[in-house]
Amino acid sequence: MIEFVLDGRSKVNTYVQLVQQVKQSLRVGLLTPGDQLPKVRDVAQSLAINPNTVLKAYRELEIEGLVEGRPGVGTFVRRTLAGTSLPNQAELREELVAWLHRARTAGLTPEDVTALVETTMRAALTADPEGTKTAPAR
């Protein structure tokens, strides 16, 4: 089951952070169709936020067709966002974890890592918007 985490320093609305976390979990296969999202009351209590904020996030996901609410039962995942790349993600995740350890050893902060990844992604996507270049051989 997903455990939500909020970034209090983020300029992103709380409900949007919840939506983004569900979508990320759907993309990487942590949530699959049929899985139940945490109860609104439980999320609100654990994050010390208004239950209406959680309801707003769940409603947004429902409008997008990703989840469905079942009165008196809970909110359940209807469809996934995981693509055909899902089987390759485990190996890539391992490589990313190793890279993150090297980045930490090199003195990068989490903010440095985020900045490096985001700027590199933007540059790479601008240079190759179709994603057609192959990765360099190792």
Side-chain angles (χ1 to χ4, degrees):
M1 180 176 291
I2 187 172
E3 286 192 37
F4 294 107
V5 178
L6 294 179
D7 181 355
R9 296 173 297 156
S10 174
K11 292 182 167 83
V12 177
N13 287 332
T14 301
Y15 88 94
V16 175
Q17 289 184 49
L18 299 177
V19 169
Q20 289 173 340
Q21 289 176 49
V22 169
K23 286 181 176 182
Q24 288 171 346
S25 294
L26 290 169
R27 274 194 180 84
V28 299
L30 294 176
L31 285 175
T32 58
D35 288 347
Q36 184 174 7
L37 295 182
K39 304 258 187 228
V40 169
R41 178 184 63 247
D42 295 342
V43 175
Q45 286 177 346
S46 70
L47 299 176
I49 59 174
N50 190 311
N52 288 331
T53 302
V54 183
L55 282 170
K56 185 173 183 177
Y58 284 13
R59 262 188 261 122
E60 176 79 23
L61 292 163
E62 196 164 2
I63 288 168
E64 293 184 34
L66 298 173
V67 302
E68 67 178 337
R70 298 180 192 158
V73 181
T75 303
F76 294 83
V77 174
R78 287 186 63 200
R79 66 182 179 91
T80 185
L81 292 175
T84 56
S85 67
L86 187 60
N88 301 320
Q89 288 185 18
E91 181 181 346
L92 292 169
R93 183 186 306 259
E94 288 176 20
E95 291 173 15
L96 180 57
V97 167
W99 183 87
L100 288 169
H101 286 299
R102 289 196 316 272
R104 186 180 337 152
T105 302
L108 275 71
T109 66
E111 292 81 8
D112 295 335
V113 169
T114 299
L116 180 60
V117 169
E118 288 179 357
T119 57
T120 304
M121 277 181 28
R122 276 194 301 275
L125 293 175
T126 301
D128 185 22
E130 299 298 317
T132 55
K133 287 185 183 174
T134 57
R138 289 194 246 167

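Residues: numbered from 1 along the sequence shown.
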Separation between CD (E3) and CE (M1), nearest 0.5 Å, reads 9.5 Å
dist L31:CG -> Q36:CD (nearest 0.5 Å) comes out at 11.5 Å
Residue set satisfying side-chain hydrogen bond (donor to acceptor under 3.5 Å, both in side chains) with S46, at least two apart, ordered chain then number -> none
Side chain to side chain contact (heavy atoms under 4.5 Å, CB included) between K56 and N52: does it pass, once the steps are laid out?
CA-CA 6 Å; K56 185 173 183 177; N52 288 331; over 6 Å; no
Exercise. Out of curiosity, does L55 fall in the hydrophobic cluster containing V77 (side-chain heavy atoms, cut-off under 4.5 Å, transitive links)?
Worked result: yes
Within a strict 4.5 Å, meaning less than it, do heavy atoms of the P51 and R41 side chains meet? no
| said: Check whether S10 reaches the backbone of D7 with its side chain - one donor and one acceptor, N or O, closer than 3.5 Å. | reply: no
Could you check if a side-chain atom of L37 sits within less than 4.5 angstrom of a side-chain atom of I2, using non-hydrogen atoms only?
yes
To the nearest 0.5 Å, atom CD of E95 lies from atom CG of L100 at 12.0 Å
d(L18 CG, T53 OG1) to nearest 0.5 Å is 8.0 Å
Residues passing the salt bridge (Lys or Arg N to Asp or Glu O under 4.0 Å) test with R102, sequence neighbours excluded, are none
* Asked: Is F76 reachable from V67 through a run of I, L, V, M, F, W or Y residues, each pair having side-chain heavy atoms under 4.5 Å apart?
  -> no
Value for CZ (F4) from CD1 (I49), rounded to nearest 0.5 Å, stands at 9.0 Å
Distance col, row R122:CZ vs T126:OG1, nearest 0.5 angstrom, shows 8.5 Å
- Given the rule that I, L, V, M, F, W and Y join up when any side-chain heavy atoms are under 4.5 Å apart, are M121 and L116 in one cluster? yes
Do Q45 and K39 have side chains that approach each other closer than 4.5 Å (heavy atoms only, starting at C-beta)?
no
Fill in: N-O pairing of E68 and R79 below 4.0 Å
no
Does E111 have more than 12 heavy atoms from other residues, nucleotides or ligands lying within 6.0 Å of its CD?
yes
Q | Working for side chain to side chain contact (heavy atoms under 4.5 Å, CB included), residues L66 and Y58 | A | CA-CA 9 Å; L66 298 173; Y58 284 13; over 6 Å; no
Exercise. How about T75 and E62: do any of their side-chain heavy atoms sit closer than 4.5 Å?
Worked result: no
Residue pairs meeting side-chain hydrogen bond (donor to acceptor under 3.5 Å, both in side chains), one or both in residues 14-33, sequence neighbours left out, come to K23-E64, T32-D35
Exercise. Does one hydrophobic cluster hold both V117 and L108, with members joined at side-chain heavy-atom distances below 4.5 Å?
Worked result: yes
For V43 and P38, the nearest pair of non-hydrogen atoms, with its separation, is CG2-CB, 3.5 Å
